[in-house]
Amino acid sequence: MMTNRFIFGFLLIAIIAWPVNAAAQAYPVDDSASQVLGPGLLKMRWDSALPKPGQASTITGHVVVLVRLDVSPWRGRHARIYQKLPSVPAGAINARWTSNGTLLSGALRDGERTLVYSGVINSDRLEDTFRLSIQADGERVERPQALAFSFEIELEPQP
Amino acid sequence: MINVTSIGKGFKISRLSAQFSIAMLLAYIPAAHAYTVNIATGTKAAYLRVGDGSTTGGFYNAGGTPVDNTTVNLVSVTVPAVSVGNTVDQAMTGTGRLTSDYDGFAFCAAGQVYIGAFYRLNSTANQSATLRVTAPTSLTNATGDTIPMSQIRWTSSGNGDTGAQPIPAGTFSGGTQTLATLLRNTWNESCHSFIYGNDAIVAAGTYNARVTYTLSTP
């Protein structure tokens, strides 16, 4: 019985201590309520009439996204939230966005992540509007590409 | 035996605790989601202008877009009676706008015919478009007299250009002939000066023929 109590006690401590120890670990944020406005396929325009020698022939499109993050599991915690874009086969995807202030404006390339929030989570949901500009290499995007943006959260140690 | 049983029980309880703990942890991590933006490809485009042309929204390098222009331009020469058939080349005079639709530059000189072509492709493949011209075998006057099309040739140049022209000099052969192969995503333009060979004495009259330029993409 002593052994049982010891193990149970250890696990209980582990559960309580877990968020602190897992500060560097990232967890996905539910953004299923987010909404991409506009047509299903984002029209991309060539950035220049002609590609300059040695430069990529880029295309750019603009889209508005209503970002709604369910952060209720971490309410009251200090946290950092990042927006991610996985690597895309067509590659060299650059996304820039402006926000209304709840989340941070920023930029990222495919395969990277960028900070969009740092601080205490004071509500169950974080909402903002992103005005996204997406730029790609027009010669490598030979067919429509699905860019799956996502968010992840890292908890900071309790002060 | 008692000790073994006791250890076994204890182990059971600890496994249950572990399972409960894992369940707690899994419940703490929400399911992953992502908003998805589907991006289209860049627009494929082919552009060909011979003589006059039109764009909307400014020049092409400023975001303008070429539009259809149905004008058929005339290239002509009047040979004095005393010179007919004397084998002295006769410069012909073309019509049509002389400025480039790329940037408005005055690329051609008076009397030349502007020819510009462009092929935009959303691929890294080294594909090219082909510029061809189709001409009848001869020019014809009202009474059915003819002059072989091969009597008409052209030189190629462009204001400010040095080196070879993308759409080079040539001679009509009658039928369809290839003028140039144009690599994707390059703007190509030349100014053609047409010349009548005047190699044979022909009956008086106005001789006409229509030639058609075609840009074909893969």
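- With a threshold of 4.5 angstrom between heavy atoms, B:Y102 approaches chain A through side-chain atoms but not through N, CA, C or O.
- Between the CG atom in A:D137 and the CG atom in B:N122 there is a gap of 10.5 Å [rounded to 0.5 Å].
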(message) One pair to check against side-chain contact (heavy atoms from CB on, under 4.5 Å): A:I93 and B:I39. What are the steps and the verdict?
(response) CA-CA 11 Å; A:I93 304 290; B:I39 62 170; 4.2 Å; yes
(request) Apply the test side-chain hydrogen bond (donor to acceptor under 3.5 Å, both in side chains) to residues A:S57 and B:R120: give CA-CA distance (whole Å), side-chain angles for both, the deciding distance (0.1 Å), then the verdict. (result) CA-CA 10 Å; A:S57 188; B:R120 178 135 239 176; 2.7 Å; yes
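- Atom-to-atom distance recorded for B:T36:OG1 and A:Q145:CD is 12.5 Å, nearest 0.5 angstrom.
- The backbone N or O of B:G42 sits nowhere less than 3.5 Å from a side-chain atom of A:W46 that would complete a donor-acceptor pair.
- Among B:N61, B:V37, B:L121, the residue making the largest number of heavy-atom pairs under 4.5 Å with chain A is B:V37.
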(request) Show your working on side-chain contact (heavy atoms from CB on, under 4.5 Å) between B:N38 and A:L147 and close with a plain yes or no. (result) CA-CA 6 Å; B:N38 297 299; A:L147 307 181; over 6 Å; no
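- A:R45 and B:T43 share no donor-acceptor pair across their side chains, judged by distance under 3.5 Å alone.
- Of the atoms belonging to A:I153, not a single heavy atom falls under 4.5 Å from chain B.
- Per-residue counts of heavy-atom pairs under 4.5 Å with chain B were compared for A:S72, A:G40, A:P39; the largest is that of A:G40.
- Atom CZ of B:R97 has more than 12 heavy atoms from other residues, nucleotides or ligands within 6.0 Å.
- In this structure, the portions of A:L41 lying under 4.5 Å from any heavy atom of chain B include both its backbone and its side chain.
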(request) Show your working on side-chain contact (heavy atoms from CB on, under 4.5 Å) between B:Y35 and A:D31 and close with a plain yes or no. (result) CA-CA 7 Å; B:Y35 72 81; A:D31 78 326; 3.4 Å; yes
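- Of the listed residues (A:L85, A:V63, A:T60, A:I59), the greatest number of heavy-atom pairs within a distance under 4.5 Å of chain B belongs to A:I59.
- Scanning all heavy atoms of the two residues, the minimum distance from B:A40 to A:M44 falls at O-CG, 3.2 Å.
- Neither the backbone nor the side chain of A:A90 comes within contact range of chain B, judged by heavy atoms closer than 4.5 Å.
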